[in-house]
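Quick notes on the structure that follows.
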Amino acid sequence: MYVEFALQHAWLVPLLPALAFVAIVFLTRPWKMLSAILAVGSMALSCVIATLAAYGIFTNPEYAEKPLVYATRWFSLGMPGMPALQIDVGVQLDPVSAMMMVMVSFISTFIFLYSIGYMDGEDGFSVFFSYLSLFGASMLLLVISSNLLQMFVAWELVGLCSYLLIGFYTHKISAREAAKKAFVTCRVADFGLLLGILSLQIVFGTLNLTELSERIAHFEEFTTFGILTMIAVLVFIGPIGKSGQFPLHVWLPDAMEGPTPVSALIHAATMVVAGVYLVGRTMFLFHEVESAMQLVAVTGAFTALFAATCALTQREIKKILAYSTVSQLGYMMLALGVGSLTASMFHMWTHAFFKALMFLGAGSVLVALHHKADVWEMGGLVKKMPITAWTFVIGGLAIAGIPPFAGFWSKDEILAATFAEGHYVLFAMAAFTAFLTAFYMWRMIFLAFFGKENPDNHPKESPWTMTVPLLVLAIGAIGAGWLGTPWGNVWAEWIYFGHPHHADPNFIVMGLSVVLAVAGIGLAYSMYLKDTEKVKAKAMAEQYSTAYRVLVNKYYIDELYLWFNHALVDGAAKIFYLFDIYIVDGIVNGIGAFAKVSGEGMRVFQTGRLQNYVLIFFIGVLVVAVLMAFVGPSNAVPVIGGVK
Amino acid sequence: MLTISLTHYVILSALLFSIGLFGVITKRNAVAVLICIEIMLNAVNINLVAFSKYITPIDFTGQIFSLFVITVAAAEVGIGLAIIIAIYRNKLSVNLDDFDLLKW
Amino acid sequence: METSIYSVIAFYLLAITIVGNAALVVFAKNIVHSVLFLAVTFISMAGLFLLLDADFIAAIQVLVYAGAVCIMVVFGIMLIQAPDMKGTNLFNTQLFAGGGVVALVFAMCAILAGRTAWTDLVATQAVPENTIQVIGTLLMSKYVIPFEVVAILLLVALVGAIVIARDDAGTVAVDEGVKANAHD
């Protein structure tokens, strides 16, 4: 009964946090604790409903074939002689959205809870929770959208929340700049997405996901393959921005200027995977276009490798995690690109747990160390902060891909799918990325939590509101992957595209990934823990100083964009400025100048002397009379003699 | 032929009108200009009365019209002189060359 | 039409008087002299009207123009001019330009008058003997509305002239010395 209720009232899931947002903004803002409880409570309630609904979805396998959709007409515009534009708004529940709904609401609940401890005593405590609630509502709306336009609205809303929350510390210039950067970068990408959505509406006449999937399945009736390819690429531009894929990844590391729960929630677990989710939702579109799939796969693999190399040399704990997020998102894209929705969503699921866990752990460390972020200045924190440290280690094992932790299963799924589809180059890139991931993650862990203590630090363990989420998420980071083990892969039976297919467990790949992970951890151990003076690390940095500088500066991508901005945008602006000054203003001023000059000329005739006027008037009379008398069409005397 | 036709009157009228116009255009004194306007009106009257005699002797249209012209001319002289006096009071001059207030 | 030799002589005499005096009005250097020549012009024009069988108009011409208008102009001059009347009526700078234009205007009028076939228009009837009676009847019947309008116009002109010429308390009081020195 409860399950039925939850299925039919899934729209409550985004609505409750939205109500919490309204209530906090308008009613409870002065009472901090009440606001926080409202936010956490509404999200927890959403989580319960979402879980019940998901239970309903997963226990009825037919929903995988035929999603549960209920929608209502939002608006329809029609002009005579044109097909009407009808936009629905509704809920679409299938295994993918149900999984996502549970994941978002679950992680959100615990991150909200964590935020109570993290944001304790900060200015704008209630405002922070109102933003968080708005974000939760928007994200859940995005997840359950049955319509691409509705999804786009939610997509922009989460972008707005991201902007607001990155720039939450408005007194910090860097935070404001980062917020702007995030917003503008995503806008660039969203423009492509919007074009894609509009093209879909124009070509296929609907934006409802279910109808679109039916129509695109035989797209030849509507359009050509070229147009479809264009649409697919346009749609993919949106996820490139939102999910931080190369080359629009630049905003994500900077977004770490926001409070740590925000980084965990928005920039690791939920919002940034919206891009992956969107591609997953529109898989029917990409499925038809082989080249777009390859674009997705190559972008993903390249981003994964690229971001992993960037993470090697970063010093700030959150920056390392941010690049690792970019890298993991690349994995998810890669999985989608090779056609495995199963693997992609699985990695999204596990990644949400262990990455949120690590971010929250990082936040816990930052609170304890008063926001000293450089991992080189930490060390030995495990003694003072055991819960944080050991949960962090669990996260590190998960992301490195050590069995039986969550990350191992999902990453292995992606590697196996890539290998099975025959993309050996991409497989090699992904495998190398796995090695790098293990290395840089464990570099961070060894530097921050083990080794010598830094005597300047006086850390102490965080309060229960922060450690409880850590523990819960740690359980997730351990166990979330057990849904998709080679022995009893329930995940692949739930979430798939087309028909359930699951690559046979490839134990060679599995073994390789374990070996790579262990090798990475081992290398990190030998360089950063065993070698207490870090001689090898310093020697390497000196020996390959060029490469080191390039990595520290993140391949100079930001500088490239700045240069591009400076040279091209400013240059173009300068040209337009000159055009404006000399052509546009020139025309306007020219008209004015013409009036002025002609006025100056004409005013000579206006002497102000009456008799002058009389003289000129009679000259005119003469001219008119002569014209009428002698130049008229009839040769008779027209003026006086005309009176007959 | 020593007969007087309508053409004679029209030419006379034109001559008188031209003299009046010449005065209007070239005299400095505002009163003189006013006088010259009267001459021009009289020239018109000659025309009207002559036409009345030669073309519509029964209807008297021209004569009636010239009566109205005389009346209006009398009124015009009155108003014109009043304006000249008022201007003189402000400017201490009746020289039209001084009155280029409408300039620019 | 007019075949009598006397009337021809009369026309030419009157025409010469009118044109000559009008020219003197324009060319006289003293404004008072101008007004005197104007009076002569008006009176001789009354004679011309008699020649045109318009005895009532002639009478009005003498009464209104030679009488009222000339006297009024003389009063106006008296009110505004300096004691010395020499050089009060001079030409301005557009003497020759004005002369040229006026000559052209006259030439055009003369050419057009000469080209017009007036003889086709001339009626055969004579003007009735008693014009005053006819004019009086017409003014009170056919032209009563214009007549009344002109009456109102005269009234308005009368009031307007008084209002305009009156020395309001608000206007700048002219210093007598300045006034005396303000020769034209």
Side-chain angles (χ1 to χ4, degrees), chain A residues 575-644, chain C residues 1 15 19 22-31 34-35 38 52 73 76-77 80-81 87-125 127 157 160-161 164-165 182-184:
Chain A
I575 290 168
F576 285 127
Y577 171 77
L578 292 177
F579 180 82
D580 184 45
I581 290 296
Y582 289 106
I583 310 290
V584 178
D585 288 7
I587 289 168
V588 176
N589 292 343
I591 291 168
F594 173 74
K596 198 178 161 194
V597 167
S598 51
E600 292 276 352
M602 301 290 266
R603 83 172 191 183
V604 174
F605 295 100
Q606 190 183 353
T607 55
R609 287 170 57 194
L610 210 60
Q611 286 159 308
N612 233 241
Y613 298 168
V614 176
L615 183 69
I616 292 164
F617 172 76
F618 271 91
I619 292 172
V621 168
L622 259 177
V623 171
V624 172
V626 167
L627 283 177
M628 285 176 75
F630 302 108
V631 194
S634 72
N635 228 2
V637 185
V639 178
I640 301 166
V643 191
K644 277 215 167 169
Chain C
M1 287 290 261
V19 172
L24 284 171
V25 168
V26 175
F27 287 99
K29 286 199 165 63
N30 188 326
I31 186 75
S34 284
V35 180
L38 182 71
L52 284 166
V73 171
I77 291 166
I80 59 179
Q81 293 293 353
T88 48
N89 192 18
L90 301 175
F91 288 110
N92 62 13
T93 49
Q94 46 187 21
L95 177 62
F96 295 105
V101 169
V102 167
L104 285 173
V105 168
F106 175 69
M108 187 197 66
C109 289
I111 289 167
L112 288 177
R115 280 172 51 155
T116 308
W118 298 111
T119 44
D120 297 353
L121 300 166
V122 172
T124 48
Q125 299 102 324
V127 180
I164 292 169
H183 300 284
D184 187 10

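Just so you know, these numbers use all the heavy atoms, side chains as well, and skip hydrogens, waters and symmetry mates. All of these numbers come straight from a predicted model, not from anything done at the bench. In the text below, chain A, chain B and the rest are named by the order of the sequence lines, each starting its count at 1.
- Minimum heavy-atom separation, A:Ile619 to C:Val101: CG1-CG2, 3.7 Å.
- With contacts defined as side-chain heavy-atom distances shorter than 4.5 Å, the pair C:Gln94/A:Val614 does not qualify.
- Ranking A:Val621, A:Asn612, A:Leu615, A:Leu622 against chain C, the residue ahead of the rest is A:Leu622, based on heavy-atom pairs under 4.5 Å.
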